[in-house]
There are 2 protein chains.
Amino acid sequence: MHLGPGAEPAPLVAIAVDMVIFTVTERGLAVLLRRRHEAPFAGYWTLPGGFLSDHESPEAGAERVLADKIGVHGLYAEQLYTFGRPDRDPRGRVVSIGFFALMPWNRAAPLAGEAHGTAWHSVDTLAPLGFDHATIIGMARQRLVAKLAYSTIALQLMPQRFTLSQLQSVYESIMGEALDKRNFRKWVCSLGCIEATDETYRAGSHRPARLYRVKHPGEVRIIK
Amino acid sequence: MHLGPGAEPAPLVAIAVDMVIFTVTERGLAVLLRRRHEAPFAGYWTLPGGFLSDHESPEAGAERVLADKIGVHGLYAEQLYTFGRPDRDPRGRVVSIGFFALMPWNRAAPLAGEAHGTAWHSVDTLAPLGFDHATIIGMARQRLVAKLAYSTIALQLMPQRFTLSQLQSVYESIMGEALDKRNFRKWVCSLGCIEATDETYRAGSHRPARLYRVKHPGEVRIIK
DNA sequence: TAACTTAGTGTCGCATTCACACTATGTCAA
DNA sequence: TTGACATAGTGTGAATGCGACACTAAGTTA
C-alpha cells in the first residue's frame, strides 16, 4: 500500500471473518461447524467463515457469511476478538476477526446435515478442529457465559414465544449448573424485558405453561 | 493471496495497531496522543500506532509500538476492538486493531512534550482527532470504566508504592463520581490484592499516609 | 377418579452494601 | 510551645438484596 513519501510500505494480509454460532440443543450448548473439503485441514471441522471483501466492514462481512454460507438473517452477532498469530494459517498470512452469534433453537434444526455440510456440535465434545478454531470457540464460550450474568443476551437464543422453564434450562445448560426455579423466575421477571402472553404451551400430560415473549426483540440490555 | 485451486483470491489489506494509552493526571483521565505531520490528517492529533509487520502477532505489534514509538515497556495492554470501515483511512484499505493500555501516572510525565511529539490530553476535552480515533478512544474509555467495577485493573495505573487516598482518587476520576472513604478502603482491602508497607508518604503539613503495594504486579484479577 | 407430571407461587434468614462523623498525627506559623 | 490547619484513618447500624426452601394448581392418561 502507498502511504506517502518517506513511509515504509505496509505489509498486506488477508482478513478472514470466522463465526462462532451458538445454539442450545437437548444435549446442551452447541456450535455450528462446517466440514472442510479443501486443503489445508481437509476433512477437519472448522468454523464457518470467509474472507473480507473490498469495501466491506468486518460487521458487514460477518452478516454476509451468515447469509451466504449459512442462509440465516438477523442473528444477534458481536465482534469477539482478532486472531493474528503469523502461523495460524499454513497458506500464508491471514488475520481472522472472530465473531460470535446466537441462533434461537427453533431455527437451528433445519440447518444441520443439509447440503451446507454443516452440523451442530456439542461444545463439550469437540473433535479436533482446523486452524486455531478451538481457541476461538473457547473464547466465545467464555464470553457467552460472562454475558449471561450481566446482560439479557440469553433472550437471543429463544424463539418468539417461550416458557419460563425453557428459558431457565437455556441458562442452566450454558452455565452448567442447576438454578432454583422460584429465584430464577423472580429475577428474570424483575428485569422487565419479557412479558407474558395469553397463550399457553401444552407439552405432555401435565399442566400447560404460560408463553412469554421478549418486549424489545434484538435489544440486549446490560443489567446490574 | 493464493488460496488453492478454485478459490477466489482474497483481497489484501494493511493491518494497523492503534494504542489507546490511558493515565490519570491532576486533571483526570488522560490519553496519550501524537501530532501528525504527514497527510492525511496532517496537524491533527491521533493515537500512536503503526502497521503490523510480517510474522508479527497483533499483541507483539502492540508491544512494538509501545516500545519504539513511545519508549515504554511492560505496560498492561489488552485488545479492544477491530475497526474496519472501508472508508476509515483515505489512503486505502486499512483495518486497525485497537488496543488499550494503562500507564502508571508516575511514568507518564517524562513522555509528554518530548521529541516524540506526544502529549497527554484530558479525555473530556479532546480536540478533533484524525481517522476514527475518537470512536476508538470512546470505546476504550467505556471498557475501562466497565472493568473498574469487576476487576483490579485500576492497580495498573498506580506506581509501585501508593496511598489509599491516591488509589481512591484514581477510581473517582475515572468513574466521575465521589466515593465514601471508609467504604472504599474496606472494599479495596477486602480484595486481598494490595498490602501495606511500613513506609509512609509525607505530602504537606498534615499526617503522613501509609504506603501500599500491589501483591502480584501485572496480575489483573476478575472480582465478584 | 386416581395417579402422574410439570407449572406456578412466598417467606424468612443471612450477607452485602450504604450512609454517616469523629479522632489521630503530622506541619507550620505566631 | 502551642494552637490552627490539613489530610489520614477508623466502626456501627439500617436497609437492601440474595439464596434456601416446599407446597398447591392444572392438565393428561389409564
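Treat the numbers as computed from the prediction; the structure is a model and nothing was measured.
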Pairs satisfying salt bridge (charged side-chain N to carboxylate O under 4.0 Å, His left out), at least one member in residues 192-210 of chain B, at least two apart: B:R161-B:E199, B:E195-B:R213
List the atom pairs, with distances to 0.1 Å, where a side-chain N or O of residues 68-78 of chain A and a protein N or O form a donor-acceptor pair under 3.5 Å, not counting sequence neighbours.
residue: A:K69; atom: NZ; partner: A:G49; partner atom: O; Å: 3.0
residue: A:Y76; atom: OH; partner: A:E78; partner atom: OE1; Å: 2.4
residue: A:E78; atom: OE1; partner: A:K147; partner atom: NZ; Å: 2.8
residue: A:E78; atom: OE2; partner: A:R143; partner atom: NE; Å: 3.1
residue: A:E78; atom: OE2; partner: A:R143; partner atom: NH2; Å: 3.4
residue: A:E78; atom: OE2; partner: A:K147; partner atom: NZ; Å: 3.2

Mind running a 4.0 Å heavy-atom check of residues 158-166 of chain A against DNA chain C and sending the residues that fall below it, in number order? A:S165
Ring pair (Phe, Tyr, Trp, His ring centres under 6.0 Å) partners for A:Y44, two or more places apart: A:F41
Taking only the side-chain heavy atoms of B:R182 (C-beta and beyond), determine which of D:dG9, C:dT9, C:dA21 contains the nearest atom. C:dA21
So if I take residues 196-212 of chain A and measure heavy-atom distances to DNA chain C, which residues fall below 4.0 Å? A:S205, A:H206, A:R207, A:P208, A:A209, A:R210
Do other residues, nucleotides or ligands put more than 12 heavy atoms under 6.0 Å from B:Y201 OH? no
Salt bridge (charged side-chain N to carboxylate O under 4.0 Å, His left out) contacts touching residues 20-36 of chain A (sequence neighbours left out): A:R36-A:E38
Which residues share a ring pair (Phe, Tyr, Trp, His ring centres under 6.0 Å) with A:W45, sequence neighbours left out: A:H121
Can you check whether B:T82's main-chain N or O pairs, donor with acceptor, with A:Q79's side chain at less than 3.5 Å? yes
Rounded distance in Å - CZ (B:R185) to C1' (C:dT17): 19 Å
Does A:A209 have any side-chain contact (heavy atoms from CB on, under 4.5 Å) partners at least two apart in sequence or in another chain, and if so, which? A:T163
Please list, chain by chain and in numerical order, all residues satisfying side chain to side chain donor-acceptor pair (under 3.5 Å) with B:K181, sequence neighbours excluded. none
Could you state the atom-to-atom distance from NZ of B:K181 to C1' of C:dA24 in whole Å? 11 Å
Contacts of B:R185 meeting side chain to side chain donor-acceptor pair (under 3.5 Å) (sequence neighbours excluded), chain-then-number -> none
Atom-pair distance (CG on B:L179; P on C:dA19), nearest Å: 11 Å
Is there any protein nitrogen or oxygen under 3.5 Å from a nitrogen or oxygen in nucleotides 12-18 of chain D, and what are the pairs?
residue: D:dT12; atom: O4; partner: B:K186; partner atom: NZ; Å: 3.0

Atom-pair distance (CD on A:Q168; P on C:dG8), nearest Å: 11 Å
Run the side-chain contact (heavy atoms from CB on, under 4.5 Å) test against B:H216 and tell me which residues pass, sequence neighbours left out. B:E219, B:R221
Would you kindly give the CG-to-P distance between A:D180 and C:dG8, to the nearest whole Å? 15 Å
